[in-house]
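The model shown is predicted, which means the values in this text are computed figures rather than measured ones. Just so you know, ligand 1 is whichever comes first in the structure, and atom 1 is the first atom listed for that ligand. When a residue number appears, it is its place in the shown sequence, counting from 1.
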Amino acid sequence: MTENLIDPRTKYQQSGFPQGDGEQPGLTDETVPRPDHGEDTYRGCEKLAGRRALVTGGDSGIGRAVAIAYAREGADVAINYLPEERADAESTAHLIEAAGRRAVLLPADLTDEDAATGVVRDAREELGGLDLLVLNAGYQKQRETDADFSTEEFDRVMRTNLYAAFWMSREALPHMAAGSSIIVTTSIQAFSPSPGLLDYAMTKAALVAFVQAMAEQQGESGIRVNGVAPGPIWTPLIPATGWPKKLPHFGQDTPLGRAGQPAELAGAYVYLASDDASYVSGAILPVTGGRHL
Ligand code: NAD
Ligand code: MG
């Protein structure tokens with residue numbers, strides 16, 4: 001047997017995730033077991049040297065893994081997050097700086113149009129330009145019945161997941177040069193929607209259309225637009241969703257039989273941002289433990 005082969009089924013914990021309090025936003029310190037963001041494993045090789053990136057939701061989970069990887073690949077990274085997630089954001093900033101890159105912290109609630117466009121402007125000013133825009137912030141909540149599903153909650157999901165992506169790309173694109181790229185975090189929920197995530201799944205499906213239409217529109221400007229569709233990934237969002245019954249078995253219904261970790265997403269975001277993907281635009285890359293889109 002080849003000694004350095006790693007079995008993807010057993011690379012990480014397979015079962016027994018404890019239930020959370022269902023309170024959003026989830027925080028990393030309250031997420032047990034602690035997610036792996038690649039702190040001890042991700043090794044860069046200058047794939048993004050000198051690039052300037054903005055990652056929304058970059059404080060924790062998938063966004064933190066992307067921020068670490070981008071910094072180790074040579075990019076300066078601005079991260080946006082909700083003000084109450086400051087402790088997580090500061091931890092991510094330390095990891096970016098430990099890679100020898102600049103970290104810029106931009107707290108703001110993206111459900112507000114002026115705040116969302118302000119984040120893009122501030123990132124551009126602080127970093128001296130913007131080459132990579134990772135639209136990764138997201139909000140989801142388990143919906144039990146139509147009756148307890150308020151317009152206010154529906155609005156929060158639409159604004160966070162969908163409007164913010166539109167507002168921020170509209171603000172960013174006119175200033176982005178050929179070779180830049182936008183990467184959107186969509187979800188397997190865009191393709192296999194769960195009734196309990198009805199509103200969330202709607203936004204993630206709309207983001208797929210957004211990626212495809214934007215890629216076609218921006219081709220002539222030399223800007224690539226792609227998406228990543230994660231399956232079940234162990235992040236602070238999951239114990240904050242309100243899934244008491246589902247959590248102990250989280251991710252076991254995938255072909256690989258377990259939940260993914262944020263670190264297992266980083267390579268996809270690096271690839272799509274890098275020149276290795278120079279002929280890739282309008283793609284949705286699945287990172288789902290084997291479930292097809
Ligand atoms: P996470 O909680 O670590 O990240 C989500 C981030 O979204 C938060 O850290 C927060 O900073 C940000 N956010 C939420 N509401 C916001 C608001 N109003 N203003 C500004 N920022 C806001 O969880 P994660 O799982 O890493 O989520 C990242 C992305 O991945 C989300 O778009 C999520 O929908 C998507 N996703 C996650 C999974 C999964 O299983 N974890 C699966 C598919 C897709
Ligand atoms: Mg967070």
Side-chain angles (χ1 to χ4, degrees), residues 17 20 23-31 34-37 54-67 79-92 105-113 115-116 118-119 134-141 153 155-165 167-168 183-194 197 199-205 207-208 227-241 243 246-247 250-251 254 258-266 268-269 284-289 291 293:
F17 294 103
E23 290 290 318
Q24 297 255 12
L27 299 174
T28 304
D29 277 347
E30 296 162 5
T31 309
R34 194 179 173 82
D36 179 9
H37 310 94
L54 168 61
V55 182
T56 67
D59 58 301
S60 60
I62 295 167
R64 180 184 287 185
V66 172
I79 60 173
N80 158 256
Y81 50 95
L82 285 169
E84 52 267 46
E85 297 168 294
R86 190 172 136 203
D88 272 352
E90 285 175 351
S91 300
T92 303
L105 296 184
L106 299 173
D109 184 341
L110 298 181
T111 60
D112 179 81
E113 180 173 357
V119 166
V134 180
L135 298 168
N136 168 74
Y139 173 68
Q140 69 176 27
K141 200 85 192 164
E153 267 296 295
D155 202 44
R156 179 170 173 184
V157 169
M158 294 296 145
R159 284 174 171 269
T160 309
N161 300 4
L162 209 49
Y163 280 52
W167 291 327
M168 296 181 91
I183 301 169
V184 180
T185 303
T186 165
S187 171
I188 189 148
Q189 285 291 322
F191 304 88
S192 314
S194 306
L197 291 177
D199 50 343
Y200 173 84
M202 289 168 70
T203 63
K204 294 300 184 178
L207 286 172
V208 171
V228 175
I233 310 300
W234 183 243
T235 71
L237 184 66
I238 300 307
T241 295
W243 276 329
K246 190 168 165 175
L247 278 198
F250 185 62
T254 61
R258 65 165 173 86
Q261 293 287 328
E264 297 182 284
L265 276 296
Y269 288 81
I284 304 292
L285 186 53
V287 184
T288 56
R291 277 181 66 191
L293 296 183

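Annotation for T31 and P239: closest pair CG2-CG, 4.2 Å, computed over non-hydrogen atoms. Here the shortest heavy-atom pairing between A115 and D112 reads N-OD2, 2.9 Å. Taking each heavy atom of W167 and L110 in turn, the nearest pair found is CZ3-O, 3.4 Å. Heavy atoms only, all atoms of each residue included: V119 and M168 are closest at CG1-CE, 3.7 Å.
Between T111 and Y139, every side-chain heavy-atom pair lies at or beyond the 4.5 Å cut-off. Contact check for Y81 versus D88: no side-chain heavy atoms found under the 4.5 Å cut-off. With contacts defined as side-chain heavy-atom distances shorter than 4.5 Å, the pair V66/N136 does not qualify. By the 4.5 Å heavy-atom criterion applied to side chains, Y200 and S187 are counted as neighbours. Contact check for M158 versus M202: side-chain heavy atoms found under the 4.5 Å cut-off. For the pair L105 and I79, the minimum side-chain heavy-atom distance is below 4.5 Å. The shortest side-chain heavy-atom distance between T28 and P236 falls under the 4.5 Å cut-off. Looking at heavy atoms from C-beta onward, L197 lies out of side-chain contact with K141 at the 4.5 angstrom threshold.
The closest non-hydrogen atom to atom 20 (C) of ligand 1, taken over A190, G61, A137, A108, comes from A108. The heavy atom nearest to atom 28 (C) of ligand 1, out of those in T111, L106, N136, is found in N136. Considering A65, P230, G138, P107 only, the shortest heavy-atom separation from atom 7 (O) of ligand 1 involves G138.
The shortest N/O to N/O separation between D59 and ligand 1 falls below 3.5 Å. For the pair P232 and ligand 1, the shortest N or O to N or O distance does not fall below 3.5 Å. Considering backbone and side-chain N/O of I238, none are found under 3.5 Å from N/O of ligand 1. Among the atoms of D109, some N or O lies under 3.5 angstrom from an N or O of ligand 1. Considering both main-chain and side-chain atoms, I62 comes within under 3.5 Å of ligand 1 through a nitrogen or oxygen pair.
Under a 4.0 Å heavy-atom criterion, D88 is not in contact with ligand 1. Using a 4.0 angstrom heavy-atom cutoff, P25 does not count as in contact with ligand 1. At a 4.0 Å cut-off, not a single heavy atom of A259 sits close enough to ligand 1 to count as contact. Using a 4.0 angstrom heavy-atom cutoff, G26 does not count as in contact with ligand 1. The closest approach between Q24 and ligand 1 stays at or above 4.0 Å for every heavy atom of the residue. Residue Q140 places every heavy atom at 4.0 Å or more from ligand 1.
Among the atoms of S60, an N, O or S atom falls under 2.8 Å of the Mg ion (ligand 2).
Of the protein's heavy atoms, T160 CG2, 3.4 Å lies nearest to atom 15 (N) of ligand 1. For atom 42 (C) of ligand 1, the nearest non-hydrogen atom of the protein is G231 O, 3.1 Å. When hydrogens are left out, the protein atom nearest atom 4 (O) of ligand 1 is S60 OG, 3.9 Å; that is the closest non-hydrogen contact. Closest to atom 8 (C) of ligand 1 among all protein heavy atoms lies E85 OE2, 3.2 Å. Of the protein's non-hydrogen atoms, the one nearest atom 40 (O) of ligand 1 is I233 N, 2.8 Å. Of all protein heavy atoms, the one lying nearest to atom 17 (C) of ligand 1 is L82 CD2, 3.4 Å. For atom 19 (N) of ligand 1, the nearest protein heavy atom (residue, atom name, distance) is L110 N, 2.9 Å. Protein heavy atom in closest approach to atom 36 (N) of ligand 1: Y200 OH, 3.5 Å.
Residue D199 holds its CG atom at 11.5 Å from CZ of R156, rounded to the nearest 0.5 Å. Rounded to the nearest 0.5 Å, atoms CZ (R64) and CG (D36) are 11.0 Å apart. Taking CD1 from I188 and CZ from R291, the interatomic distance works out to 4.5 Å, rounded to the nearest 0.5 Å.
With a 6.0 Å radius and a threshold of 12 heavy atoms from other residues, nucleotides or ligands, R34 has its CZ atom above the threshold. Heavy atoms of other residues, nucleotides or ligands lying less than 6.0 angstrom from CZ of F191 number more than 12.
Neither the backbone nor the side chain of R156 has a heavy atom within less than 4.0 Å of ligand 1.
Atoms of ligand 1 found under 4.0 Å from any heavy atom of T186 (numbered from 1 in listed order, with element): 44 (C). Using a 4.0 Å cut-off to heavy atoms of T235, the atoms of ligand 1 that qualify are 23 (O), 24 (P), 25 (O), 26 (O), 41 (N). Within ligand 1, counting atoms from 1 as listed, the ones closer than 4.0 Å to a heavy atom of S187 are 43 (C), 44 (C). Atoms of ligand 1 lying under 4.0 Å from at least one heavy atom of Y81, given by number and element, are 11 (O).
Within D59, the N/O/S atom positioned nearest the Mg ion (ligand 2) carries the name OD2. Of all N/O/S atoms in E85, OE2 sits nearest the Mg ion (ligand 2).
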